[in-house]
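Working notes, structure below.
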Amino acid sequence: MPLIIETSHQRSQQYGLCPETPPDYSPLARNDLSLLIEQNRLLHAHAIPAMETLYQQIVNTHNMVILTDANGVIVHSLGDDDFLEKANRVALQPGVAWSEQSRGTNAIGTAIVERSPALVHADQHYLAANHFLTCSAAPIADHMGKVIGVLDVSGDQRSYHKHTMALVRMSALMIENQLFSATFEEAITLHFHARPEFIGTLMEGIASFSPGGRFLAANRNGLFQLGLPFSALQSHTFSSLFGLPVSALFDHYRTASPGLLNLCMHSGVRVYGRAQLRLTNSVFQQSLAPERAAPATSAVAANQAAASARRLSGLRYLRTGDPQLELVIEKVTRVLGRDIPIMIMGETGTGKELLAQAIHNDSPRAMSPFVAVNCASIPETLIESELFGYEDGAFTGARKKGAVGKILQANGGTLFLDEIGDMPFSLQARLLRVLQERMVTPLGSDKSIPVNVELICATNHNLRERIARGLFREDLYYRLNGLVVKLPPLRERTDLETVVKKILATESNNGRYEVSDEILALFHRHRWPGNFRQLTNLLRTAIVMAGDEQEICLRHMPDDFLDDIEQAKVHDHHAEAGTARMIASGANLEEMEQSVILKSLEAHGGNVSATARALGVSRNTIYRKVPNLK
C-alpha cells in the first residue's frame with residue numbers, strides 16, 4: 001500500500017472512524033449551499049468550463065467530475081446518469097463534505113491534507129462503503145499557494161483509466177492559471193518559457209508585476225522557472241528578474257507586429273516571453289500612447305473616456321455566470337495575442353460583435369484600431385473597394401486621392417469581418433491571398449502594401465453547408481477557423497436575470513428600474529428569436545413606457561411581445577392536449593418521454609446539448625431514450 005494511503009489510514013483511525021461506518025447522507029441545506037457557492041464564486045466560475053472540458057474527455061466511462069471548496073465540501077458536479085445513481089448512495093453529491101475527518105481516506109480529503117494530487121483506488125478507501133470507487137483528485141491553489149479547492153474524478157473502480165489522474169492534474173493547473181489571471185487583471189502579466197512553443201500552454205510560467213515593475217506573484221511553473229521562493233521574489237522587480245526596464249515592454253508593444261520577447265533571467269537562463277499589458281491603469285495609457293506633445297485638457301478627458309470604454313467592454317464584463325459563455329471566454333482568452341484567427345458562430349443578435357470588441361480590448365493590440373466590416377450590409381459592387389481601398393481614378397465616381405481600405409485601416413490592430421458567410425464568392429479568393437501574403441493591393445494600384453492584422457470573423461450561417469453549395473471557398477474556410485467558438489442563443493442561457501439587470505442599468509443610466517416577477521417568468525418562457533437585440537429593444541421601450549414607475553409590469557410590454565406570449569400559450573395547450581391523447585390511447589411512459597424529447601429536439605433545431613439543457617437531463621439520457629438518434 002502506498003505510503004500516502006497508509007498515513008491517511010492512520011489519521012482516519014485517529015479521527016475515531018470505523019471502516020464499517022455508513023455514509024452520512026446529510027448535505028447542506030439549499031440556502032447554505034447557495035451561500036457556499038457565492039463564497040467560492042471566483043473558483044466556481046473559472047472551474048466550470050474546465051470541468052465541462054474534462055467531462056467531455058471521460059464521458060460514458062461511469063465517472064463524474066467534482067469540485068469542492070477548501071474543506072472538501074462538494075459545490076458542483078457533473079457525470080454519467082448511471083454512475084450518478086451509484087454516487088448518490090454514498091452521498092457523493094453537492095453540499096456533502098468529503099474531508100478525511102468525515103469520510104476517512106478518500107482522494108478529495110487526502111489531497112487537501114497532503115496538499116498534493118491523490119489517487120485512492122477501491123479498498124484503499126478507509127470506509128468500506130466507498131470500496132467500489134476509484135478517485136483521482138488534485139488540489140487547486142491560489143497565487144499564495146493556499147489550497148482553495150479540489151478537482152476530482154470519481155468513478156467505478158472497474159472502469160479506472162491510468163490517464164485519468166494526468167487529465168485531472170492538467171485541468172486543476174488550468175483552473176489555477178485562470179484564477180491567477182483574474183486576480184491580477186490590473187497588472188503587467190508575463191508568460192514565459194525557455195522554449196517558445198510552450199508559451200500559451202500549461203507548461204508556461206506566468207508572473208505579474210505592478211505598473212512600476214514591482215513583482216506581485218507567479219504561478220507554480222513561474223516559481224519553478226524563476227528558481228526563488230515567493231518570499232525572496234517579493235523584493236524583486238521586472239528589471240532585476242528579466243534584465244529589462246519595464247518601459248521596454250511598452251516600446252515593444254507599440255510596434256504593429258510585436259513578436260516574442262527574448263529575455264535573460266537573473267539566473268542567466270534565456271527565456272522567451274509574451275506580455276499582457278492590462279489597459280485599466282492610467283500609467284499604461286500614458287506609456288502606450290505615441291510620444292507627442294502634452295494634449296489639451298479636453299483631449300485628456302477624451303483619452304480617459306476611451307480607456308474607460310475599453311475597460312467596460314473587456315471579456316471580464318461579459319461574465320454573467322452562464323457556463324457556455326464561460327467556456328467561450330476561457331477559449332478565446334488562451335489565444336489572445338497568438339495570431340490565431342477566431343471564428344464566432346451564433347444566431348443573429350447573440351452578441352458576436354460585442355465579443356469581438358472584447359477580445360480586441362483584452363489583446364496586446366488594444367491601443368490599435370478595431371475595424372468592423374459587415375459583409376452582408378455593403379453592396380456587392382462596393383465591398384471590394386471598401387475592403388482593399390483604391391487609387392485616384394480607379395473607377396468612375398472614385399474620390400480624388402483615393403481611399404484607404406478597411407484592411408489597411410486595421411493595420412496593427414484587429415479586423416472584424418461580420419457575416420463573413422455573405423461575402424461575395426468572387427472576393428473570397430482575393431481575401432485569402434491577402435491573409436496568406438499579408439499584403440494588400442488597392443484597386444487601380446500596382447503597389448502592394450504590407451499589413452498586419454488580428455482577424456476575427458463571425459457568421460450565423462453553417463459555412464460547411466455553404467461550401468457544399470458552392471457559395472463559400474473551402475480553402476478560405478480553413479484559413480479563417482483557427483479557433484471556432486459558438487455563442488449560445490438567449491433561450492439556452494442560464495443567466496437571463498443577470499442579463500436583464502445589466503441591460504436595465506445600461507439603458508436607464510441609473511439602474512433604478514427592475515422587472516416584476518410576472519414579467520421575469522414570461523421572459524424565461526419566451527423563445528427570443530432576436531436574442532439580445534430583441535431583449536434590449538424591448539427593455540428600452542418598457543423603460544420609456546414605465547416613466548416614473550420603478551417596476552416594469554405587463555402593461556409596459558409592447559403588443560408584439562404579448563402576441564408572442566399568447567401564441568406560445570396556444571402551442572403549450574396543443575402540446576398538453578397531444579399528451580392527453582397519448583395517455584388516452586394507452587401510450588406508455590417511455591413513448592411519452594420520447595415524444596417530449598423529439599418535440600424539444602425539433603424546437604432546438606436538432607441540437608442535442610440544447611435539448612438536454614432545456615429538459616434538465618444529460619445528453620446520454622437523450623441518446624438512450626431515442627436510440628435511433630445520430
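R115 meets the salt bridge (Lys or Arg N to Asp or Glu O under 4.0 Å) test with no other residue; sequence neighbours excluded. Looking at residues two or more places apart in sequence or on another chain, you find a side chain to side chain donor-acceptor pair (under 3.5 Å) between R158 and D156.
In this pair, H44 and H76 present their aromatic rings perpendicular. The plane angle is above 60°, beyond the 30 to 60° band. Between F370 and H360, the angle of the ring planes lies from 30° to 60°, which puts this pair in the tilted group.
Under the 3.5 Å distance criterion, with hydrogens and angles disregarded, no donor-acceptor pair is assigned to the side chains of N531 and T350. A donor-acceptor contact closer than 3.5 angstrom links the side chains of D152 and S154. Side-chain polar atoms of Q225 and N221 form no donor-acceptor pair below 3.5 angstrom. Residues R493 and T320 have side chains that bring a donor and an acceptor to within less than 3.5 angstrom of each other.
Proximity of a side-chain donor or acceptor of K352 to a complementary backbone N or O of G346 within less than 3.5 Å is detected. No donor-acceptor pair closer than 3.5 Å links the side chain of E114 to the backbone N or O of T110. In this structure a side-chain-to-backbone donor-acceptor pair under 3.5 Å is missing from K486 to V328. Between the Q276 side chain and the L336 main chain, no donor and acceptor come within less than 3.5 Å of each other. At least one donor-acceptor pair closer than 3.5 Å links the side chain of N462 to the backbone N or O of R464. A side-chain donor-acceptor contact under 3.5 Å links R479 to the backbone of L435. D322 places a side-chain N or O within donor-acceptor distance of the main-chain N or O of L325, the cut-off being under 3.5 Å.
No side-chain heavy atom of I456 sits less than 4.5 Å from a side-chain heavy atom of L355. Side-chain atoms of I175 and L43, non-hydrogen and from C-beta on, do get closer than 4.5 Å to each other. The closest side-chain heavy-atom distance from Q324 to L327 is not below 4.5 Å. Proximity of L35 to L28: side-chain heavy atoms (C-beta onward) are nowhere separated by under 4.5 Å. Looking at heavy atoms from C-beta onward, C457 lies in side-chain contact with L417 at the 4.5 angstrom threshold. E326 has its side chain out of reach of E330: every pair of non-hydrogen atoms, C-beta onward, lies at least 4.5 Å apart.
For the pair R491 and W528, the cation does not sit on the ring face, since its NZ or CZ is not both under 6.0 Å from the ring centre and inside 45° of the axis.
Under the side-chain contact (heavy atoms from CB on, under 4.5 Å) test applied with W98, the options I74, I66, V73 reduce to a single match, I74.
Taking all atoms of both residues into account, the shortest heavy-atom contact from I108 to A137 is N-CB, 3.9 Å.
Salt bridge annotation for E497-K501: absent, with no cationic side-chain nitrogen under 4.0 angstrom from a carboxylate oxygen.
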